[in-house]
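In this text the structure is predicted, and so the values were computed from the model without any measurement.
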Amino acid sequence: MAMSEATAARKPGRSNRYVIDADNVHALTSSLELLVRDRRYVVLYDASIWFPLHELLGQVPLGKLRLAALRTVHTFFRELLRIFASYENVLITPEVRGELANLIAATLAQLDRQKLQYERMAPAARDRVGRTFHLLLRIEELMRKLRTRIEDRAKAAYVERRPELQLLQEMVAAITDTLSLKKPGQGGESRADEHLAARALFEVIVHHRHVAVCTRDEDVRRIISATYKLLISDTLREEEAKLVRRALQLGNLVVLKYNPERQAYTRFFESQTQQAIGEFIFSKFLPERSKVRLISEVRSQLVKLSRELDRATEAASAETAPAVPRASPELETALGVLFDRIVWYQEIARAVGLSDVHEEIRVLEAMRTAARTLGPAPLAEAVERALAALHRRRLHQVLRELGEKDAALKQELDALTADASYQQNVPAAERLREVAAEIASNARARHFFTRALGSGEYHLDFDHFRRTEELLDRFSANGFDLREGERLVPAEEVAHLSGLDYERVLRLASEHDLVAEGGLIRLDYATLIRHLL
């Protein structure tokens, strides 16, 4: 489209032009769709992505509109409608919905004006602009369909009075005002930019999603990048807010900003490249009093946000947690007598050589369930201590049996390799291969249970060992060999390979300080056993 016909509306003082022409329209819409296709991302569109057709129609009379230019505009809106209709991960905030509704209303008003011009034309003039007018009617139809789809995407994005979102909105507004992140005279009293940035942070922190924001507004990019850097900087290292910071570091927050040189949306900010911030660098022109006040306010909001997250988690757990019955004093006494008799009979069985440690563990595990549910705390603790002792005895027995098996396998291996006959004897060669594999598996099992005994993880058994081997093989097949030492693994990969919920992985990483730079998680053999089994 000619630049004179396709220059977009802009805020006062905006210098870059948003031009759609036949050569770049598909590249432009593809860049808007770039991260929408990745279902891990929630994509927020700013109203500035809209092409302001109402300005073009208000400046150029119907008879001078170029058909080729309108075809390009029609293609843009048709592709935008397809994106809104095809992807549920596109969200429209209430403020953006209002701005887009105003833009559509202004466009429809201008289209009505063009209709009046058409009706007043002579028949010959109508014939000349007939194809142009027909295309305007098709654009009008697109506008009405877009209005419906935008409402759908806004309803999907609706969050009813979430205190976490309100806290983030207040925090972002305070940061924006103190650091003067919006250009003077732009937006008036509107908080649309701040609310868009707050919603992006909300999706990362509360819903643990990756987020992309598409905008032509320099203010939006500035607000998101400055807020993110301040929140994860050493300036605001609050222990109570560790979960918020971990969520920000494990998620990815991307701003796709319109690039006038490429005439498409490209990455201007990506949070996972901003991990090592150190102290936040304030402007030297910012008064010290304002700096101190902002830090204090944001710290307070972070702590409140963390408490709201904990409260929401506890409320969700309480809804699904079963009611705990209360035992009578008589029942508590009976449970204590029962536990004493169980231990006494187990000691007698061991004394006469009839004990079975596995059966003893099963009985005490049933006793533990009863003690935890009905008994007093001292009884439950006593059962736990008795179980730990049984598990230690079981592990010693397992290691003794593995040692005996290892000795037998090595004896068989020596017999098979005593001469070279196995080289011509196929069954002997096959058995040699099997013995070597069994020795290797046995060695891994001995290492697993020796480590369990040394680290006090007495509950581990052969099911845990098999699960560990499967996980190690799965991580290794995807390029993370945990047998060789510590590896940095993306949180999503950890969730995918371990089968754990992504939110649980996030909490484990936060609680046990496993997060490294770039939103990666530090994993090794011991960490996998301790936290992912």
Side-chain angles (χ1 to χ4, degrees), residues 42 44 93 159 161-181 191 193-211 213 220 222-253 255 269 271-272 274-283 286 288-316 491 503 505-519:
V42 164
L44 299 171
T93 64
V159 178
R161 296 181 181 178
R162 286 292 294 265
E164 301 96 324
L165 182 57
Q166 183 177 350
L167 285 168
L168 285 167
Q169 289 173 347
E170 294 171 0
M171 184 190 305
V172 172
I175 294 171
T176 300
D177 293 344
T178 304
L179 302 184
S180 301
L181 298 177
R191 289 293 190 185
D193 293 346
E194 291 90 324
H195 286 186
L196 182 66
R199 182 56 186 268
L201 293 168
F202 175 86
E203 292 295 332
V204 175
I205 294 169
V206 178
H207 292 157
H208 309 300
R209 301 290 301 272
H210 293 329
V211 177
V213 177
V220 172
R222 193 182 297 110
I223 291 169
I224 290 177
S225 61
T227 301
Y228 179 87
K229 291 176 183 178
L230 177 59
L231 293 183
I232 69 164
S233 70
D234 292 342
T235 306
L236 295 173
R237 190 177 291 277
E238 293 294 316
E239 186 62 26
E240 282 191 71
K242 188 195 313 188
L243 185 61
V244 174
R245 293 163 56 86
R246 288 290 185 261
L248 285 172
Q249 290 172 315
L250 287 171
N252 195 23
L253 178 54
V255 178
F269 173 82
S271 67
Q272 289 194 348
Q274 304 285 328
Q275 299 296 318
I277 300 298
E279 293 290 332
F280 186 79
I281 301 175
F282 290 92
S283 169
L286 181 68
E288 186 65 22
R289 182 186 306 172
S290 299
K291 172 182 171 182
V292 171
R293 184 170 59 249
L294 176 65
I295 292 174
S296 176
E297 182 176 352
V298 174
R299 278 178 173 164
S300 174
Q301 299 285 45
L302 277 177
V303 172
K304 291 178 183 177
L305 178 59
S306 295
R307 289 173 181 167
E308 288 295 337
L309 292 173
D310 289 339
R311 189 176 294 115
T313 302
E314 291 171 2
E503 185 172 348
V505 170
L506 178 67
R507 283 197 167 273
L508 286 172
S510 175
E511 291 169 1
H512 302 286
D513 199 23
L514 302 177
V515 179
E517 291 185 7

Applying side-chain contact (heavy atoms from CB on, under 4.5 Å), name anything that partners [X], two or more places apart in sequence or on another chain.
X	answer
Ala174	Leu294, Glu297
Ala200	Leu44, Val211, Val213, Leu253
Lys229	Phe269, Gln274, Ile277, Phe280

Run the numbers on Leu230 and Phe282 for side-chain contact (heavy atoms from CB on, under 4.5 Å), then give the verdict. CA-CA 9 Å; Leu230 177 59; Phe282 290 92; 4.1 Å; yes

Can you see which heavy atom on [X] is nearest to which on [Y], and at what distance?
X	Y	answer
Leu181	Ala226	CD1-CB, 3.8 Å
Glu279	Thr235	OE1-OG1, 2.9 Å
Gly251	Gln272	O-NE2, 3.2 Å
Leu231	Arg245	O-NH1, 3.1 Å
Arg246	Asp513	NH2-OD1, 2.5 Å
Gln249	Tyr228	CA-OH, 4.0 Å

Rounded at 0.5 Å granularity, tell me how far [atom1] in [X] sits from [atom2] in [Y].
X	Y	atom1	atom2	answer
Asp193	Arg222	CG	CZ	10.0 Å
Ile232	Leu248	CD1	CG	7.5 Å
Gln301	Ile175	CD	CD1	9.5 Å
Thr227	Met171	OG1	CE	9.0 Å
Glu164	Ser306	CD	OG	10.5 Å
Glu194	Ile224	CD	CD1	11.0 Å

Taking only residues at least two apart or on different chains, which pairs with a member in residues 195-208 satisfy side chain to side chain donor-acceptor pair (under 3.5 Å)?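 Counting only pairs at least two positions apart or across chains, the side chain to side chain donor-acceptor pair (under 3.5 Å) contacts touching residues 195-208 are Glu95-His195, Arg199-Glu203, Glu203-His207.
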
Does any non-hydrogen side-chain atom of Leu196 lie less than 4.5 Å from one of Ile223? no

Give a yes or no on whether Leu286 atom CG has more than 12 heavy-atom contacts from other residues, nucleotides or ligands under 6.0 Å away. yes

The criterion is side-chain hydrogen bond (donor to acceptor under 3.5 Å, both in side chains); which residues satisfy it with Arg209, sequence neighbours excluded?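 For Arg209, no residue satisfies side-chain hydrogen bond (donor to acceptor under 3.5 Å, both in side chains) once neighbours in sequence are set aside.
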
Residue set satisfying side-chain hydrogen bond (donor to acceptor under 3.5 Å, both in side chains) with Gln166, at least two apart, ordered chain then number -> Glu170

